[in-house]
Each structure stands twice: as C-alpha cells, then as structure tokens.
Amino acid sequence: MRLQISDLTQFSLRARLSAGVVAIVFLTTAGIAGVALYFIKRNMQATIAEEQFERISAIADAVDQKFLSRRTLLKTFGDSVESRNFTGAEGLQDLVMQHKSLKEAFDNLAFIDAQGEIVANLNGAQQIGKINVKDRDYFKGTISTGAGVVSQPFRNRISGLAQVAMTEPVLDREGKVAYVIAAFITLSEQNFLGELANVRFGKSGYMFIVNTAGIIVDHPDKSRLLQHIDADGVPNPAVDRAIAGVEGAAEGVNRRGVHALYAFKRLQQTNWVLGAMYPRQEAFAKTEQIERFAWTGALLLTLLAGGLTFATVRSQLAPLSRLREHMQVSRANSGYTPLEEEPGYDEVGDLSYTFNSLMRERRAAQQRLQSSERFLRDVTDNLPAVVAYFDSKQRCLFANKPGLRMRGRTQADIGRMTMQESLPDAVYRQLAPQVAKALEGTPTRTEGTYERKGKEGFFECHLLPDMRDEGVVGYYVMTFDITERKQAEMRSASSERRLRGLTDNVPALLTELDLEERVVFCNGRYLTWLGIEPASMMNRHIREIIGEANYEVRKPLLARAFAGEVLSFEQTAELLIGERTLQTTYLPQRNADGAVVGLYVVAHDVTDLKQKQRQLDTLAREDALTGLPNRRSFEEHVREAMARSRRSGKPVCLLFLDIDYFKSINDSLGHAAGDAVLREFGRRLKESVRETDMAARYAGDEFVILLENAGAASEAGTVAQKVLAAMRPAFHLSSRTLQATASIGVAISEGDEDFSSLFMRADAALYAAKKEGKNRFMMAAPRTEPPDSNPWPRQEPSSA
C-alpha cells in the first residue's frame, strides 16, 4: 500500500517545484534568446531590404540610361532630318530606309505628318497613307508642346502588341511641327530591357514595371502586359503605395498569396515604377535557420537544467513526501494512527505536529455533527443555493456541495475555515454588517455583487440567527445566484433607454400601433416637429391624433398594411418649421409565427431631397454656358418629335450649325473670349427661332435647331436666313469687338427616315456650306442610302 501511494504522489510538490524551476530557466533562456534574435533578425532583414533597394535603384538608373540613350538617338536623328529642310513627304521613306540601324534600338520608326497620317515607315511602306494616329496621346502631346514625349503603354492597332512610343518633333522653317518622328518599343521583346530582363531576386523573384495608373508595362508573365496590377481583384498594398509615390522596400503578398519583400524605385525618364519581388521565404532563409538553431539550443539548456533541478528537489523533499503519504492513509482510515517516526525541528516537523492536533479535533467534531449532517446534506446538496452554518466565531460547521464548489473547498475544510476565509474579500465586506445583525438575533436579507468568470455577478443572501437558551450560538446562511435575473432586468432597462435615446434622435416620426390601431410607442420627434408631447399620444387611437379627415384617407392603406403589405407614400404636412414633404412607410410587425401583431409607422422629411432632385434634373438637361438645352435634352426631344412625325406623316427639319473660325478665336483670344462668343451666339440663336422650335447646343461650337411640321424647304430656308442675319452684327466682348458668322446644313426628313440618316445629311450639307465659303446655309441632298443602324451619330471616337 505504501509503495502504491508513493507511486501515485511522486509528481506532486516535487514535480511542481521542478516544473517551476524548469519554467523559470526556460523563460529566462527564451527571453534572452528571443530579444537577441529579435534584434539580429530585424537588423538582417533591414540589411536585406536595403540591399534589395540599392540593387533595384541601380537597375532603375540603368533603365533610365537606356531610355535616355534612345531619346538622345531619336533627338539626333530628328535634328538631322530638320537640317535637310524637307519641303514635302517625298524622300522621307528613303531616308528612313537608309537608317536601318535604328532597328537595333526600336522595333519600328515612322514619320507622321501634322494631320496624323503615316508618311514613312521603317518596317516598310505598306502602311503609308493607311493609318491615322491623330487620336493617340503621344501624337497630340508632341503637336501641342512641340517637344518629344514617352507615351503610356498602348496596344498597337495593327499587330496587337503592347508598345510604348517615343516621339521627336521635326520643325519647319517657321518653327511649327511639320512631322512627328515616332519610335516604337515592343514591351514583350527582350530588347526592351536587354540583359536586365534576366536579373533575378533569389530563385523565383523577378522585376516588373507599372505606370502611375497601375498598368503593367513589363512583367515576366507577358500575358499581364497592359493589364491593371489589380485586374484579378486581389490588391497588393505594397504596390499601391509605390504607385502613390513611396519608394523603398516593404513586405507584401502577391496575387498568388506569396509573402514577399518588395522594393520600388521610380524611373526618372518615364515616371514609371520599377519593382522587384523577392519571396520572403528565400530572402530570409538564413535568418530563419539561425532562429531555429537558437531555439534548439535554448530547449536543450532547459532540459539539462530541469533534470538537475528535479534530482535536487526530490532528495530535499523526501521527508515531506512521507508525511503526505501518511496523511492520505489517515484520511482513508476510520481511525487515526499518529506518525511513528520522530518529527524533526524544521518546517516538516511543525507540519507533522499540527496535522496530529487537527486530526484529533476533526474526529471529535465529526462525531458531534454526524447525526444531523446526513439529513442536512441530502436536502441542501440538491438545493440551487449555497447553504452553510457558522458558529458565533464565524467558523464554518456545515456547507452544502454548491457552497464547497464555490471556493474549491472539500468536506475536509469544514470546521477549519471561517466565513471570511471562505468568501472573497469583496463579498465578505458586503456581508459583514448583515453578519453582525444576525449575531445580534436579527434575520437579514441583502443583495450584493461578486466576480463571476471575470465579470460582475449578483447574489441574494439570507442570514437566520440560531437562537438557543444561552443566546445566539451561530447563524444559517442561504445564498442564491440572481445574476441572470439582474442582468435581464438591467438589459431591459438599458435597452429601453437606448431605444428611447436612439429613436428620439432619429430624423423621422416613429410610431408603433397595436392591432386596435392604438399608439403604443412614439418618439420625441413629435414634440420637435409638431409640438405634440409623446406621452399625450400613448394608448390613443390614431384617428384621434391625425383627425377624422386624414384617417379616412389612411384607412384603406392601414387595412392593407395590417394585412401584411409594406406601403410607402408621400404627403404634405405643416410642421413647426413650415410646410414639408414627408415620406411615410407602413411596416407590419410580425411575431415568431409570422402573424401581424402591430404596425410600425415611419415618416421621413424628404423636402430637401425632392428639391435637389428637381434642381439636378434641370441641370442635367441645360447647357451651363449658353443656357440652351444640352445634347441630352435635345436627343430626348428628338425621339418624341420623330415619333410624332411618323404618326402624323409631317416631316421634321434639322438645321446643323457650326461657328466659322471658332478655333482661331479660341487660339488667338483665349477660351474666355470663345466662351463669350458661345454665350452670345446661343442668345441670338434662341431669339431667332419660334417657341415651338427647339434650339440646343450639341457639342463644342456645334448647335442644332429642330423644326416640326416643316411644310417645305422654303420654310426651313427662311429660318436659316434669319439665323444668319442674327449673327451678322458684331460680337462685343469685354476687350474687343469681332465678327462671328455661322455655316448651316439643312435637312428635311423623307418618309420613314430615322434621325441618324437625317443628321448625316444635315452634317454633309454643313460641310458643303463651309466648303462654299462659310457664312451661308446649304440644303441637304435627297436620301439615297438606307439609314445607319446607329440612331445617334457623331459619337466621340474611342482611343485606339
């Protein structure tokens, strides 16, 4: 038996002491190793990041030099072309073919005239006169600035390849741009970066280039060229910060979920961002290996110290282990046999003596209480409450199972602990005054709080004095846990306060009706909006509040809402701040079974919203500069007019106007003068037509007039003559006076002709009028071809 108990208890105090020392050694070793590794790892990572940034910076400088050398080459070639003083495009193709060495730097080179037509091409003359690039940004930028540019990446119209263009202007003797030399670099070709394309960061790291719009310029995966860096919907914050202008190294996660060290450097020649991706696992592989070795050493040191500690503690605590074994044997037996060996004069000897004394006292107390405890135990152990008995010295002589579990006590603690020792200090301080009253013979009841799993709990405690002939000899304690009840009460009160505070501040009238249409809740907005005290509305029928007339209007809607339908309508109400538009919504209130048990009424003030909607509708259909209807308004009117024309069989007439030499006015006098001309032109145009006709600004300096029920060409000609006459007087600007005439194309619809065809004929007539000398109108030729399928012509051309 002794061997069995010793085997069961050999990992008790000795094991805990050994574990404690091992834990201290481990924590100390781990702490020192952790701090050292932290600084080592941080310095190594910073060094790796700095080296990567320096490396990408050097590569960025090399890329910049490549762009600079190519621009210098293109500039030199352009200067040589200017020195030859070409008076026409003849000879440019021969000149280009004489410089085939340019193919070593560029994939193609072309001469483009001022109208955007390709007049010479390094890759052959097949495309000369067949391609116009005037809509390309690089061409427009070179023409407008007179200087060379490096374009943003684009896709070639012919080959479909991703390219960038470098341009250089060729000036004539007057200093104007006669030709634009455009040199093209294909991004997917090796010569874009040359040997730099083979640079790798680790085994799987790579370089890439994006522009400031996030478009990929260069990438090992050529299928991603010209795509947005976040095209797959997986953003990379590190790349986004680099695009925003941040240079340096940062950690991030790419679209495949690979954690990597990124470095970014902006290219000076193109303002693109050169980035390098270095997988974190490869970048910090040596650092992580050092970290593993360090932690392995710390673990081995801990195991060695733990083994030595365990052996030392085991030998020093052997007497205490024998005492503990004897105590367990004594608890298992009905009688008590004192420890045979002579106790020492140390701490273990004091424990042995104290244990012998306490065991004798316990046996005596057990015999006194044994008869009554059986009955009390059976009853109280099954009560949902803590039940205990304390004598006049507040020593616990009885406690049921819930009471013992409360503080982790056992039956062995009965008789050895006082009430103060059995309770948390905070709880005892709350009960101390009630204990004093109980010891004086007064029954008490009190409520208090305690810590319950890290949170506040609530209890209700009853103390009943034990009155005998000699007086109060003790008191009974019965305690109930009322946490759930208290929390429910507080939640209910708090919820009601929050609901009232929330609803009173909602910018809407909120009302709840029961099935009898009586008000059971309303918020404080009734007081601020209508001057009605919410309390005065409670339990009153809605008819009494809104009046009989309004109720009769609402009655059918209320019936539908109580039937389960959600309804919403607008109404005008007189509030304290004046007449307002309210949007009222009826929301059925349902129980758990889905049956309607009430109705929520929500009324929002939408006055400002309605006014803004009307203002926005007006602005969306009016040209801000001239005050005339804009293109959108005109196109809506055209649809209706063409429909009426088809029903009535009466034609419509379209006048398409263009201000003559308007570009020269803008270029020579500035846009402010051009805007003043447009405003005055619009005013005169509006005064020249009937109220039944529609004049609108279509786009830029283009205006349109739509005449319905146009009887003949003479009627349309009369209107056109009137418009031309209205424009003849001089336009008086703030700084000068000038003449501004107009050219007009007139087209009258024929049969079932749609607006697309009508517009194209008016457009052709307009250009005919301009060709004939401007400041006149021309009638459109009769329709000869079927109408275009597109009902709205002259859309802005899309960028190639």
Side-chain angles (χ1 to χ4, degrees), residues 53-78 102 104-110 112 133 136-156 161-169 180-197 199 206-222 224-231 236 238-248 262-277 799-800:
F53 178 68
E54 290 177 354
R55 189 178 178 190
I56 200 69
S57 297
I59 295 173
D61 291 339
V63 174
D64 275 328
Q65 288 300 320
K66 285 179 175 289
F67 273 105
L68 183 60
S69 62
R70 292 180 183 183
R71 294 190 70 175
T72 302
L73 176 60
L74 196 62
K75 174 66 176 175
T76 303
F77 181 63
L102 292 172
E104 298 177 3
F106 306 106
D107 296 289
N108 190 18
L109 183 141
I112 306 167
V133 297
R136 289 294 196 185
D137 290 337
Y138 62 80
F139 174 79
K140 293 189 288 186
T142 307
I143 291 293
S144 62
T145 62
V149 299
V150 178
S151 74
Q152 296 299 330
F154 61 92
R155 193 165 298 281
N156 188 283
L161 296 174
Q163 293 184 333
V164 294
M166 301 174 65
T167 67
E168 188 64 34
V180 175
I181 303 175
F184 302 93
I185 301 174
T186 301
L187 301 180
S188 59
E189 297 297 329
Q190 181 71 17
N191 65 352
F192 174 53
L193 292 178
E195 67 277 9
L196 297 179
V199 175
Y206 56 84
M207 290 193 308
F208 61 93
I209 300 176
V210 297
N211 65 9
T212 54
I215 303 302
I216 297 176
V217 178
D218 186 66
H219 196 278
D221 184 0
K222 299 304 180 183
R224 297 188 64 192
L225 294 181
L226 298 190
Q227 294 184 6
H228 195 275
I229 193 71
D230 298 334
N236 190 329
V239 179
D240 293 341
R241 288 193 297 271
I243 293 173
V246 178
E247 293 186 343
Y262 286 88
F264 302 98
K265 181 67 177 178
R266 194 168 291 270
L267 300 178
Q268 299 299 320
Q269 293 295 316
T270 60
N271 202 30
W272 296 342
V273 177
L274 176 64
M277 179 271 193
S799 176

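In what follows, every heavy atom counts, from backbone to side chain, and hydrogens, waters and symmetry copies are set aside.
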Inset, instruction - List the atom of A105, the atom of L73, and the distance in Å for their closest heavy-atom pair. - result: CB-CD2, 3.8 Å

Legend entry - Validation row: V210, I243 side chains within 4.5 angstrom (heavy atoms): yes

Legend entry - Residues which pass side chain to side chain donor-acceptor pair (under 3.5 Å) with Q163, listed by chain and number, not counting sequence neighbours: N156, T186

Inset, instruction - Test R266 against T212 for side chain to side chain contact (heavy atoms under 4.5 Å, CB included), laying out the working first. - result: CA-CA 10 Å; R266 194 168 291 270; T212 54; 3.2 Å; yes

Legend entry - Any side-chain heavy-atom pair of F208 and H219 under 4.5 Å: yes

Inset, instruction - Report yes if some heavy atom in the side chain of H228 is under 4.5 Å from a heavy atom in the side chain of I216; otherwise report no. - result: no

Legend entry - Minimum side-chain heavy-atom gap F139-I112 below 4.5 Å: yes

Legend entry - Spacing of E54 atom CD and I59 atom CD1 [to the nearest 0.5 Å]: 12.0 Å

Legend entry - Shortest non-hydrogen separation from A162 to L225 and the atoms involved: CB-CB, 4.1 Å

Inset, instruction - For D230, enumerate each residue passing the side chain to side chain donor-acceptor pair (under 3.5 Å) test, keeping only those at least two apart in sequence or located in another chain. - result: none

Legend entry - Sequence-distant partners of R55, side chain to side chain donor-acceptor pair (under 3.5 Å), two or more places apart: none

Inset, instruction - Output all residues satisfying side-chain contact (heavy atoms from CB on, under 4.5 Å) with T270, sequence neighbours left out; order by chain, then residue number. - result: F67, V150, L267, W272

Legend entry - Check: L74 and T167 side chains under 4.5 Å, non-hydrogen atoms: no

Inset, instruction - List for me each residue that meets salt bridge (Lys or Arg N to Asp or Glu O under 4.0 Å) alongside K140, sequence neighbours excluded, and say none if there are none. - result: D137

Legend entry - Exam field: side chain R241 to backbone V246, donor-acceptor pair closer than 3.5 Å: no

Inset, instruction - Measure the CG-CG distance between L161 and N108 for me, rounded to the nearest 0.5 Å. - result: 11.0 Å

Inset, instruction - Determine whether R224 and I229 make a side-chain contact, defined as any pair of heavy atoms from C-beta on separated by less than 4.5 Å. - result: yes

Inset, instruction - Of all the heavy-atom pairs spanning N211 and P153, show the shortest one and how long it is. - result: ND2-CD, 3.7 Å

Legend entry - Minimum-distance pair of heavy atoms, taken over all atoms of A147 and P169: C-CD, 3.8 Å

Inset, instruction - Could you pull out the closest heavy-atom pair between R155 and R136, with the gap in Å? - result: O-NH2, 3.1 Å

Legend entry - Atom pair CD1/OG1 of I143 and T145 - distance to nearest 0.5 Å: 9.0 Å

Inset, instruction - Over 60° means perpendicular and under 30° means parallel, so classify the ring planes of F184 and Y138, tilted if in between. - result: perpendicular

Inset, instruction - Measure across R71 and G148 and return the closest heavy-atom pair with its distance rounded to 0.1 Å. - result: NH2-O, 3.3 Å

Legend entry - Contact check, side chains of E168 and V180, non-hydrogen atoms, under 4.5 Å: no

Legend entry - F77 side, atom CZ; I181 side, atom CD1 - distance, nearest 0.5 Å: 5.5 Å

Legend entry - Pairwise side-chain contact, F106 with I185, heavy-atom cut-off 4.5 Å (strictly under): yes

Legend entry - With sequence neighbours excluded, residues passing side chain to side chain donor-acceptor pair (under 3.5 Å) with D64: none

